[in-house]
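Okay, so here's the structure we're looking at.
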Amino acid sequence: MELRVKRAPHIDMEITVPGDKSISHRAAIIAALSNGICRLNGFLMGDDCLRTVNALRALGIRIDEPEPDTIVVHGKRRVLNAPTDEIDCGNSATTMRLMAGLLAGQTFESRLIGDASLSKRPMGRVIAPLQRMGASITAEGPDDTPPLSIRGGSLRGIRYEMAIPSAQVKSAVLLAGLFAKGKTSIVEEIQTRDHTERMLRYFFVRTTREENGTISIFGDQVPESRDFRIPGDLSSATYWLAAAAAQPGGHLLVRHVGLNTTRTPVLGVLVRMGAQVREAIEDVDQLEPHGIVEVTGAMLKGTVIQGKEVAQLIDELPVLAVTGALANGTTIIRQAQELRVKETDRIAAIAQNLRVMGAQVIELSDGLEIHGPAPLRGGRVASFGDHRIAMAFAIAGLFADGETVVQEAESVEISYPGFKGALEKFMTPKRGPGSTPVIGSLSLAPAE
Ligand code: S3P
């Protein structure tokens, strides 16, 4: 599938986006461990989350799909069956790393495999703590890459200091900790997305967080079955928020989107670049805040993205780099070397594609230096099989002269089914009066 993109007319839209990818994975896993039936609305039916659903089914968990965005998970009180075959995690590192944590706590043998991209991704970061907890887990590929063979059980709690900030590693250790004797603690110097901790708490599993970033869990707890509504994915919304932000006078409202503060730093970057951004939290009932984000665009200016915020907007960096190319001045992204071990080497992919489209870019070992504003020109760009590269460069195409063709873009299905349809809407001129700003006139609790 190719995405064919032309310059966007004036943006004045209201949208919703599919469910949050990270939250969907966690909700399915913790519901599977619970003591009953859990209905998960707003579940992301993207390929990555469906890999987790199928992995859980392979472990004996019944999961129904009664509606297009709803799954019903029949929790079995932490009892999982040995899989009869290897478990294919597809492109999803979240599936592989979180399942590794879960399987480390089971006495049976299992084997996790992935596609060509996942087979190159580093797994040493989960293997090290899980081995220390007592699991036997080996990577069959070179340099600790998949497949993973796991034989778990009889885990003991450990205290683990994470070398790299990673929500996936933290989550693997916490899930293993649920099956370990005693207390398992994980120390994160830089806070990463905290969906696992929140979801565990929502299902009445006690975790604690200390000031110094130590998160602890006690083993043997059984999640209490509950229903949950998954909010829209802010990372998916960011493609459109960035487009509206970069179009002077553009206006976009996104409803029912997740506004967890470990995910919202991207909004701060858009503000720094000169866009007007407002967020209004509507509901924190389910422990995952969600609400409305509204953006009004401007001629943006370059910014520097580095340090602690990088971990909390790592998935948004491809589209922020595109935004940087449209902004006045220099945008610098540093300390983002993790981008090199994502679905593809995203630093190299962004640099190559921005150059194809006429932007001036310097590739750094740990990031990018982008000189804007670039008069972007259309052309054929590669997606490298990476959903976020495909979507980021579709957004670039909305600002380019001529047609932009994003090649082999079927990967968008991984995190954003329906992306192509949404893109069509952004390319279609509207008739009639535009919408007026909304948040200013809403009587909602102000955002945190
Ligand atoms: C995710 C964590 C991040 C992110 C990924 C999803 C998660 O990865 O890039 O898309 O759901 O925990 P890392 O934990 O490797 O930073």
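Side chains are part of it too, since the values below use all heavy atoms of this structure and drop only hydrogens, waters and symmetry mates. Atoms within a ligand are numbered from 1 in the order they appear, just like the ligands themselves.
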Of all residues at least two apart in sequence or in a different chain, which pass the side-chain contact (heavy atoms from CB on, under 4.5 Å) check with [X]?
{"X": "S171", "value": "R26, L98, T196"}
{"X": "D64", "value": "R62, P66, V72, H74"}
{"X": "V222", "value": "N35, R77, R78"}

Discussion item. Can you list every protein residue that has a heavy atom under 4.0 Å from any atom of ligand 1, sorted by chain and residue number?
Written reply: K21, S22, R26, T94, R97, S166, A167, Q168, R193, I314, D315, K342
Practice prompt. Decide whether T192 and E188 meet the rule of one side-chain donor and one side-chain acceptor closer than 3.5 Å.
Written response: yes
Discussion item. Please determine whether a side-chain nitrogen of the Lys or Arg among E282 and R255 lies less than 4.0 Å from a carboxylate oxygen of the Asp or Glu.
Written reply: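 Salt bridge absent between E282 and R255.
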Practice prompt. Evaluate the ring planes of F419 and Y239, with Trp represented by its six-membered ring, and classify them as parallel (under 30°), tilted (30 to 60°) or perpendicular (over 60°).
Written response: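 F419 vs Y239 ring planes: perpendicular.
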